[in-house]
Chemist: 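Would you mind keeping the following structure in view while I ask a few things?
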Amino acid sequence: MAERTLRGARLGGQSFEDERGIEFAARQQVGYACPQGHEFTVPMSVEADIPANWECPKCGAVALNVDGILPEEKAEKPARTHWDMLLERRSIPELEDILTERLELLRGGEIGPAHLHRAKGKRKTKV
């Protein structure tokens with residue numbers, strides 16, 4: 001008999017519980033206004049932290065709270081450049097030493113593209 005009671009019911013789509021004896025959480029209506037002139041309210045719990053902005057359901061723009069709650073300013077970190085990250089690993093004197101060493105190798109033909117190297121011992125002399 002129990003198997004037949006579930007036959008034809010949309011499981012998970014509909015609750016068979018009634019709302020008797022259930023105490024709902026206290027709610028409040030929070031108003032928002034978007035730059036396009038749309039005004040709307042969102043039901044929220046009394047205990048919830050009210051966000052300063054909300055997406056407008058009509059146009060998708062960022063709507064601000066009508067009660068004057070301002071968005072918090074986010075502390076932006078300055079962008080780290082390659083130079084900044086390099087200075088975290090090496091000091092200026094170390095970098096100067098590495099540069100001098102690499103320039104000597106490059107000028108000596110030990111590193112770098114082949115078309116930049118001078119052929120050693122194959123100099124033509126004019127007679």
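Side chains included, hydrogens not; waters and symmetry mates left out as well; all remaining heavy atoms used.
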Chemist: A side-chain contact here means heavy atoms from C-beta on lying under 4.5 Å apart; do I69 and N53 qualify?
Modeler: no

Chemist: Quick one: CH2 on W83 to CD on E88, what's the gap to the nearest 0.5 Å?
Modeler: 12.5 Å

Chemist: In Å and rounded to the nearest 0.5 Å, what is the CZ to CD distance from R102 to E110?
Modeler: 10.0 Å

Chemist: Could you give the distance from CD (Q36) to SG (C59), rounded to the nearest 0.5 Å?
Modeler: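 Output value for this atom pair is 5.0 Å.
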
Chemist: Tell me the closest heavy-atom pair linking M44 and Y32, and the distance in Å.
Modeler: CE-OH, 3.7 Å

Chemist: Would you say the side chain of L64 lies within less than 4.5 Å of the side chain of L70, judging by non-hydrogen atoms?
Modeler: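 Result no, sub-4.5 Å side-chain heavy-atom pair not found.
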
Chemist: Donor-acceptor check, side chain of D97 to backbone of E94, threshold 3.5 angstrom: yes or no?
Modeler: no

Chemist: For L86 and L95, run side chain to side chain contact (heavy atoms under 4.5 Å, CB included): C-alpha distance rounded to whole Å, both residues' side-chain angles, the deciding distance at 0.1 Å, then the answer.
Modeler: CA-CA 9 Å; L86 183 62; L95 291 171; 3.8 Å; yes

Chemist: To the closest 0.5 Å, what do you measure between OG (S45) and CD (E47)?
Modeler: 4.5 Å

Chemist: Enter the distance from E96:CD to E101:CD here, rounded to the nearest 0.5 Å.
Modeler: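 If I round to the nearest 0.5 Å, the distance is 14.0 Å.
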
Chemist: Atom CG of L105 and atom OG1 of T100: how far apart are they, to the nearest 0.5 Å?
Modeler: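 With rounding to 0.5 Å, CG (L105) is 11.0 Å from OG1 (T100).
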
Chemist: Are more than 12 heavy atoms, taken from residues, nucleotides or ligands other than R27, located less than 6.0 Å from that residue's CZ atom?
Modeler: yes

Chemist: If the test is side chain to side chain contact (heavy atoms under 4.5 Å, CB included), which one of D67, V42, N65 qualifies with I50?
Modeler: N65

Chemist: Can you see which heavy atom on A61 is nearest to which on P35, and at what distance?
Modeler: CB-CD, 4.2 Å

Chemist: Indicate the atoms forming the closest heavy-atom contact of A33 with E39, along with that distance.
Modeler: CB-CG, 4.0 Å

